[in-house]
Amino acid sequence: MPKLLIVDDETIFRRGIGLMIAEMQSEWSVIDEAKDGVEALEKIEALQPDLIITDIKMPRMDGIQLQYIVKERYPHISCVVMSGYDDFQYARESLKLGAKDYLMKPFERAELYTLLDRLQVEIALEKEQLTTNKKDKQVQNQMRQHVLAGLLTGSFSHGETELLDNVGVQFPLPCISCLVAKLDRDSVTDERYYQLNPSLFSVYIQQFIQESIEKPLLGYVFILNEHEVVALINHEDTSASYADIEKLTNRIRKGIRGQSNFTISFGLGSAVKDLESISKSYKEAGLALLYRLVIGGDRLLSSDTIAEMTMEKLEWHTADWNLLNQYVQEGDLANVHLQADQFVTKLCQQWRDPELIHEQICKMLLHFYELAVNLTVVKMWLQGTDMKQVLMEIYSISSSKELSEHCQKLLGDLSVCMVNRKKKFVTSPVELVVRYVEEHYAESITLNMMAEIVYLNPSYLSSLFKSKQGQSFIDFLTEKRIEKAKAMLLHSDEKIQVISDSTGFTNIRHFNRVFKTLTNRTPTEYREGRQTS
C-alpha cells in the first residue's frame, strides 16, 4: 500500500486533500500531515512515505528547500508540488528538481485521482529497480566521496586515475579549480539555525550548486563536513573561465538568497592542471574564505580579493580581556558570553588580517588554558580533546558569528568547571560557614542560621567550629566584621554610622564598644591615626 504525506501550512487544505484521497477508494494511504518543510523532514525520517504532496510557499522551510533535501537524503521518495497561479516560476524550479507533477490550486478531484493512479504504477516500478540497484549505488557514492576527499587532502596520486574512472569521476578539460561554499552564519537566526538542524543547510547548498552548474563548466559537488560544501570545477584554460565561475557563484548566491532567505560565501582556489595540485587549490580557497572575518560574507573570495586588501596591524593587550577573565572566574555566564562576543566582534571590526585575528583569539584562549591547568580543571573543561585541537579549530573558522559562538561556548564551559571545582573542594561544614560569613558579614547572621545551612545541630556546630578555627563562631564573626570596618576607616571617608551599618552591627554604640575592645582605639582614633601617619 503506497504511503503519502501532505505538507501545507493551511490546515483546511491538508484536511481537504486527505478527505479526497480517503474517498478515492484506492490503495493510497495518507500516513500524516505537516505544516511546513521542517516538520515534514521529521516525519519523513520516521515514516518513510512513498510520495509527498507539498505546497511551495510555507514558513520556516518552503517546498523548494524541502525538495532539495529530500532529493539528496531520500532519492526514492517522489514529490508533487502544488501552488497558486502566481508561483509558476517556483513550480518550474520544482520540476527541474525532479517533481513528478504540478497541481495548480485549486485543483479538481478528478485531476488528483488521475495523477495518483499514474504515480502508483510508476512508484511500484521504481521500487523494483531501486531494490536491485540500491546497494551498488550506496557503495559507489561512498567510494566517490572518499576519492574526492582524497583529492583535497593530497593523498591521491596521478597513478590512481583508474580509481577515478571506477567511481565515475572524470576531468576531461585541462584545468580544475576548487570552490568551497560556506553558510554565512550571521544570515540565519539562532532559532532557525538550531531548529532546522545545521547539517541540512549543507545538504541544501550542495544540491543547489549541483543543479546550477552549466556548460561550459563541469563539476563534482560534495559535502566535505557539516560546514563545507566543495565543488571541483573542470574548465578550459582561459581567462573567461574565471568569469564563468564568478557568474555561477553570483547566480547561486542570488538564487539561495531569494528562495531561502540566507546567504553563502565562496572561496575560490587557483586553477591547476594535475590531480596532485587540487589540494593546493583547496587550501587557497579556504584561505580566501577566512577574509569573511573582516569584509563580511555573501560574496566570492579569491587570491585576487586578498591582494586588493590593505593590511594594518593594531596593538592589542591582555588588558582587553581582563573583564572577561573576571567573569569566567566568578561563574557569571551571561557576562562571559557578552564579553566574549564583544571581544571577537571588536577584533573582526578593527583588524584587516584574519591571521592576526586568529592569533589574538588563540593567545586569549591560551591564557585561560594556563588558568585551567593551575586549577586542575583542563580534563573536565576540554572533555577528551586537547588544546592543540582547540586552537586548530579556531584557525579553521572564517565566520565572525561562528568564531564568537565558539569562544562563548569554550569560555562558558570553563566558567562552569571553575564554579563546580570551588563547590567540590568546600566540603567541610566549617569551611562553608567561614565562606558564608566572608560573603555575608554585613547581614544579620546567627549560629542557628548557620546550623540550618549546613544541616547540623547548633551546639554541635559551635563545638566543631571552635575545634577547627580555634575560636568561637561569635568571636570569628565579630573579628571578620571589625577587619572590614578597619579597611573602610583606612581607605574611605564614609561616616562612622555608615561603616557600622555596612559591617553588620545593629547600632553605632555597640560598634564603638566592640571596636575599642579589639583594637584599644575608638573608630575615630583609628582613622585619625591613619591621618597622622
Side-chain angles (χ1 to χ4, degrees), residues 65 68-69 72 145 148-149 151-153 177-190 192-194 196-213 219-233 245-246 248-270 278-306 309 344-345 348 354-355 357-358 361 392-407 409:
Q65 290 174 270
Y68 271 109
I69 295 169
E72 172 65 19
Q145 178 86 4
L148 291 172
L151 290 171
L152 301 185
T153 59
S177 293
C178 186
L179 190 65
V180 178
K182 286 190 176 185
L183 168 72
D184 293 327
R185 179 63 185 82
D186 54 1
S187 69
V188 183
T189 63
D190 290 347
R192 184 185 180 196
Y193 183 72
Y194 292 109
L196 193 57
N197 184 339
S199 65
L200 292 181
F201 286 95
S202 291
V203 174
Y204 176 69
I205 292 167
Q206 186 253 345
Q207 279 292 306
F208 202 104
I209 296 173
Q210 188 71 72
E211 295 290 336
S212 302
I213 295 177
Y220 296 97
V221 188
F222 58 101
I223 298 170
L224 184 63
N225 55 54
E226 186 176 299
H227 303 292
E228 274 189 347
V229 176
V230 177
L232 295 179
I233 306 295
I245 293 174
E246 187 174 31
L248 169 69
T249 59
N250 288 342
R251 189 167 68 249
I252 292 168
R253 290 190 299 104
K254 183 179 179 182
I256 288 180
R257 187 169 58 242
Q259 290 187 22
S260 305
N261 196 29
F262 65 82
T263 66
I264 64 172
S265 290
F266 288 96
L268 177 63
S270 59
I278 289 176
S279 59
K280 172 178 172 288
S281 184
Y282 169 65
K283 288 175 184 175
E284 290 172 351
L287 178 62
L289 265 174
L290 290 178
Y291 282 79
R292 282 196 306 171
L293 285 173
V294 295
I295 60 175
D298 193 16
R299 64 186 73 226
L300 172 65
L301 296 155
S302 66
S303 56
D304 292 339
T305 312
I306 300 170
M309 295 183 62
V344 173
T345 301
C348 294
E355 184 176 351
I357 292 171
H358 286 139
I361 290 174
M392 286 175 64
E393 189 167 357
I394 290 293
Y395 273 99
S396 72
I397 298 174
S398 62
S399 159
S400 58
K401 174 78 172 177
E402 291 174 19
L403 200 53
S404 172
E405 287 182 342
H406 197 68
C407 289
K409 173 73 167 58

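The structure presented is a predicted model; accordingly, all values stated were derived computationally and were not measured.
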Practice prompt. Applying side-chain hydrogen bond (donor to acceptor under 3.5 Å, both in side chains) between Asp298 and each of Lys254, Arg292, Arg253, report the one that passes.
Written response: Arg253
Worksheet entry | Residues Lys280, Glu284; criterion salt bridge (Lys or Arg N to Asp or Glu O under 4.0 Å); working and verdict | CA-CA 6 Å; Lys280 172 178 172 288; Glu284 290 172 351; 2.9 Å; yes
Worksheet item: Is there side-chain contact between Ser398 and Lys182, with heavy atoms separated by less than 4.5 Å?
Response: yes
Worksheet item: Shortest non-hydrogen contact from Ser400 to Cys348?
Response: CB-SG, 3.8 Å
Discussion item. Return the CD to CG distance between Glu402 and Asp186, rounded to the nearest 0.5 Å.
Written reply: 9.0 Å
Discussion item. Nearest 0.5 angstrom please: Leu287 CG to Ser303 OG, how far?
Written reply: 9.0 Å
Worksheet item: When you measure from the side chain of Arg251 to the backbone N and O of Ser212, does any donor-acceptor pair fall under 3.5 Å?
Response: yes
Item to complete: Please tell me if the side chains of Ile209 and Phe266 come closer than 4.5 Å, counting only heavy atoms from C-beta onward.
Response: yes
Discussion item. Donor-acceptor pair, distance only, cut-off 3.5 Å: does the side chain of Ser202 make one with the backbone of Glu226?
Written reply: yes
Fill in: Pairwise distance CD(Gln207) to CD(Gln65) - rounded to 0.5 angstrom
13.0 Å
Worksheet entry | Test item: Leu179 and Leu300 side chains (from C-beta on) under 4.5 Å apart, heavy atoms | yes
Fill in: Phe208/Ile252 under side chain to side chain contact (heavy atoms under 4.5 Å, CB included): CA gap, chis, key distance, verdict
CA-CA 7 Å; Phe208 202 104; Ile252 292 168; 4.0 Å; yes
Worksheet item: With no hydrogens and no angle check, is any side-chain donor or acceptor of His358 less than 3.5 Å from a backbone partner on Pro354?
Response: yes
Worksheet, complete the sentence: When every non-hydrogen atom of Leu183 is compared with those of Thr263, the smallest separation belongs to CD1-O, 3.6 Å
Worksheet entry | Heavy-atom pair of closest approach, residues Ala181 and Ile264 | CB-CD1, 4.5 Å
Discussion item. I need the Leu200 CG to Ile205 CD1 distance, nearest 0.5 Å.
Written reply: 11.0 Å
Worksheet item: So, does Asn225 use its side chain to make a donor-acceptor pair with the main chain of His227 at under 3.5 Å?
Response: yes
Worksheet item: Shortest non-hydrogen contact from Ser281 to Cys178?
Response: OG-N, 3.0 Å
Response to the item:
Ser260 and Arg192 have their tightest heavy-atom pair at O-NH2, 2.6 Å
Fill in: Check: Leu301 and Ile295 side chains under 4.5 Å, non-hydrogen atoms
yes
Worksheet entry | Candidate pair Asp190 and Lys401, rule salt bridge (Lys or Arg N to Asp or Glu O under 4.0 Å), full reasoning | CA-CA 10 Å; Asp190 290 347; Lys401 174 78 172 177; 3.5 Å; yes
Discussion item. Contact between Tyr220 and Leu151 at the side-chain level, heavy atoms closer than 4.5 Å - yes or no?
Written reply: no
Fill in: Side chains of Tyr282 and Glu228, donor plus acceptor under 3.5 Å
yes
Practice prompt. Evaluate the ring planes of Phe201 and Phe262, with Trp represented by its six-membered ring, and classify them as parallel (under 30°), tilted (30 to 60°) or perpendicular (over 60°).
Written response: perpendicular
Worksheet item: Between Gln145 (side chain) and Ile223 (backbone), is there a donor-acceptor pair under 3.5 Å?
Response: yes
Worksheet item: Any idea which heavy atoms bring Ile397 and Leu293 closest together, and the distance?
Response: O-CD1, 4.0 Å
Worksheet entry | Atom pair CD (Glu355) and OH (Tyr395), whose distance is rounded to the nearest 0.5 Å | 6.5 Å
Worksheet item: Do Ile233 and Ile213 come within less than 4.5 Å of each other through their side chains, counting heavy atoms only?
Response: yes
Discussion item. Distance check, rounded to the nearest 0.5 Å: Ile357 atom CD1 versus Ile361 atom CD1?
Written reply: 7.0 Å
Worksheet entry | Under 3.5 Å donor-acceptor, Glu72 side chain and Tyr204 backbone | no
